[in-house]
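Letters A, B, ... are given to chains in the order of the sequence lines, protein chains preceding strands, and every chain is numbered from 1.
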There are 2 protein chains.
Amino acid sequence: MLWEVCVTLRSQSNKGMPTLKQISKDLNVSISIVSRILNGKAKEFRISNATVEIVLKHAKEIGYAPNLIAKGLQASQTFTIGLMVPNIANPFFAIMAKNIEKRAFKSKYSIILVDSNENIEIEKQQLNNLLGRKVDGLIVAPVGGNCQHFIKIVKQKIPLIFVDRYFTESTIPYITSNNYQGCYDATKHLIEMGHSHIGLICGNNANELVQERTRGYHEAHQDNALPISPNLTIGNTFSTENGFDSTQKLLQLDTPPTAILAMNNLIGFGVLQAINEHNLVIPSQLSLVIFDDHPYLSLLSPSITAIKQNSEKIGEMAVKAILKEINNECDIQSKQIPTTLILRDSVFNLKA
Amino acid sequence: MLWEVCVTLRSQSNKGMPTLKQISKDLNVSISIVSRILNGKAKEFRISNATVEIVLKHAKEIGYAPNLIAKGLQASQTFTIGLMVPNIANPFFAIMAKNIEKRAFKSKYSIILVDSNENIEIEKQQLNNLLGRKVDGLIVAPVGGNCQHFIKIVKQKIPLIFVDRYFTESTIPYITSNNYQGCYDATKHLIEMGHSHIGLICGNNANELVQERTRGYHEAHQDNALPISPNLTIGNTFSTENGFDSTQKLLQLDTPPTAILAMNNLIGFGVLQAINEHNLVIPSQLSLVIFDDHPYLSLLSPSITAIKQNSEKIGEMAVKAILKEINNECDIQSKQIPTTLILRDSVFNLKA
DNA sequence: ATATATTGCACAAACGTTTGTGCAATATAA
DNA sequence: TTATATTGCACAAACGTTTGTGCAATATAT
């Protein structure tokens, strides 16, 4: 069929998708006229109603859709946001990503998702990748440890905001939970329930976030005039393995803790595994609080007390902020989102 | 400083990023020479070593990085894959996405992630969005019910592959679990344990996948000469609510099932919630098998028997297939990935 | 009638690449 | 010495947009 030949010919470079040029040829009008009409600038450029109509009609008929790549090149704006997370399989980041994508799409933005896999080398590579793709802005949950590669970005005036994790050594803004408060509340709760030996299993200490959570743990002790045993603070990665191993080490101490505070959901899962393996009974033999809630925590027996982060809100606020920055509406302010301590049945009352 | 002025001037359109043009000006050579050198085509185009060296040196100094948007426009290839899932917060899709991104990045591809939120209208909008962004290929877990919008895509010769869910009414290839086998195995196991009243809580029946899983359930009955009560098959969405509600309905039947087979992880969670709420004891009062494994299932008491899908492999294979299709190496073959029945403690042995 | 405004459009440059072609200058051959 | 190869590069078109400018043709004013 003739039509197929036509499609085949055009398809060599553009898969047969209609372009402004195509419409302009078909209708014998200039490309600029077509562009202006399809961008709703007909009035502004005094284009006759007759022309407007035939162009709109034809564009609809052949199913014209703008080439966002070409638009991006010409405008130096791609309507694209780079989202980098250390592990998209972690529900915390998955939920955040969902809300980021949803909010971004409302504003015609799309998300390029990259996963650094908690590896700073990949993080650097992916950062360059995203820059090459000319994203209009970046939302990043960094691996931590070094932020020089991010400082380069802001020097190039590319909008960047951190989520969850951040660096206070730079002025790069961030949206995160109130990590201090979260751990303070949880620790205070444990102390109020009579615990004085509380194990704290940490993530990568190169993160401010970890230091803040640790500070909450410390200050809750101080405010209650409780000494801190340094050997109860342990662990250095956000992983199930760390949760598992650190729990075993804590249990082997001369005076093992009566409670454990796990610094994120992966660590918490590792703790649960270890407890399971050693056939310990929660909470009578060991109490547990996990930083990060998870649907299944309420179904475990006993159910597990958790510090719930509002990852939906963190994601949404990050998008709003980055969009404002992109549009030069205002500079981004760092924000701390409150956490909620969800009391369940994993903390034993030693005072009762 | 002079340098800053320079950056500011250039930054108006390109945030101060160096371009081929910039290098060409700085070094008084033509743009084409620079392009060819930086693409490793110096030999091929007989460019003198002297020129090659100064260009490479200067490019490194000013930190040249190619503009992938411009490259994409010129080559009609964006090194971008559109990934559409119905819910990135579902661990099944999150894990799949992680593996897709990882594998794609190896081949210099990046992922544009969109979430249809199980909504076919959003699915259609996002599909157009991805087309406008000129993705080189699409990996989609469709909402289901209608695939006309996808058929349009393949007519435009844009590589497309379904994952998890699919349509047999079209010839669009897919990578999915062996859904029939998964449910057959689980049902057979339940029957072998003496269950003859097995509730099946389904997801959206507009999906072939649901029909296949249902078929596995049916044929296992037939092969064991067991009759099927139609009122034991219930539910129509992949959601926790469906799992919760359907469980309650099943329990209110005159002859309630002695076991439930939940068709995905969200439904399974809803079943667990309902069981929890009604203080039922698994497995003595009700047995349970969930299609989809989850780390927490092994920590519940009792632990829950599950049909494990290999979402990592599904993701990886989908990328490999779509890349082959993009490079015209070969047409994509639909594949079914085996599932694994993980026996735990949630199935009561009525024969013991 | 001539001078000025308005209407409706076409043309061309630019965004940053890649790639086909042409053309000097030098080197080799006859 | 003249004809032919080879070397090394520049030029220009194209990808699909947007946007500033120019220029006819018509309409209005004097």
Residues which pass side chain to side chain donor-acceptor pair (under 3.5 Å) with B:Thr176, listed by chain and number, not counting sequence neighbours: B:Asn179
- prompt: Where along residues 23-33 of chain B does a heavy atom come under 4.0 Å from DNA chain C, residue by residue in number order?
  reply: B:Ile31, B:Ser32
message: Just to verify, what does A:Glu325 make a salt bridge (Lys or Arg N to Asp or Glu O under 4.0 Å) with, not counting sequence neighbours?
response: none
- prompt: Residues two or more places apart in sequence or in another chain: which of them pass salt bridge (Lys or Arg N to Asp or Glu O under 4.0 Å) with A:Glu316?
  reply: none
- line: Across all chains, not counting sequence neighbours, the side chain to side chain donor-acceptor pair (under 3.5 Å) partners of A:Gln125 are none
With a cut-off of 3.5 Å and sequence neighbours excluded, list every side-chain donor-acceptor pair involving residues 48-62 of chain A.
residue, atom, partner, partner atom, Å
A:Ser48, OG, A:Thr51, N, 3.3
A:Ser48, OG, A:Thr51, OG1, 2.7
A:Lys57, NZ, A:Glu61, OE2, 3.4
A:His58, NE2, A:Asp26, OD2, 2.7

query: By side chain to side chain donor-acceptor pair (under 3.5 Å), which residues pair with B:Ser32, not counting sequence neighbours?
result: B:Ser30
All N/O donor-acceptor pairs, side-chain side in residues 95-103 of chain A, below 3.5 Å, sequence neighbours left out:
residue, atom, partner, partner atom, Å
A:Lys98, NZ, B:Asn87, OD1, 3.0
A:Lys98, NZ, B:Asp115, OD1, 3.3
A:Lys98, NZ, B:Asp115, OD2, 3.0
A:Lys98, NZ, B:Asn117, OD1, 3.0
A:Asn99, ND2, A:Ile95, O, 2.9
A:Glu101, OE2, B:Gln126, NE2, 2.8
A:Arg103, NH1, A:Ser107, OG, 3.1

B:Arg133: side chain to side chain donor-acceptor pair (under 3.5 Å) partners, not counting sequence neighbours: A:Thr80, A:Ser110, B:Asn129
Give me the distances for all protein-to-nucleotides 22-24 of chain D N/O pairs that come in under 3.5 Å?
none

Let me have the donor-acceptor pairs involving side chains of residues 37-46 of chain B, under 3.5 Å, with sequence neighbours excluded, atom names and distances please.
residue, atom, partner, partner atom, Å
B:Asn39, ND2, B:Ser35, O, 2.9
B:Asn39, ND2, B:Ser35, OG, 3.4

query: Taking only Watson-Crick and G-U wobble pairs with both distances under 3.5 Å, what dot-bracket line describes DNA chain C, where [ ] shows pairs that cross earlier ones and | shows pairs with another strand?
result: ||||||||||||||||||||||||||||||
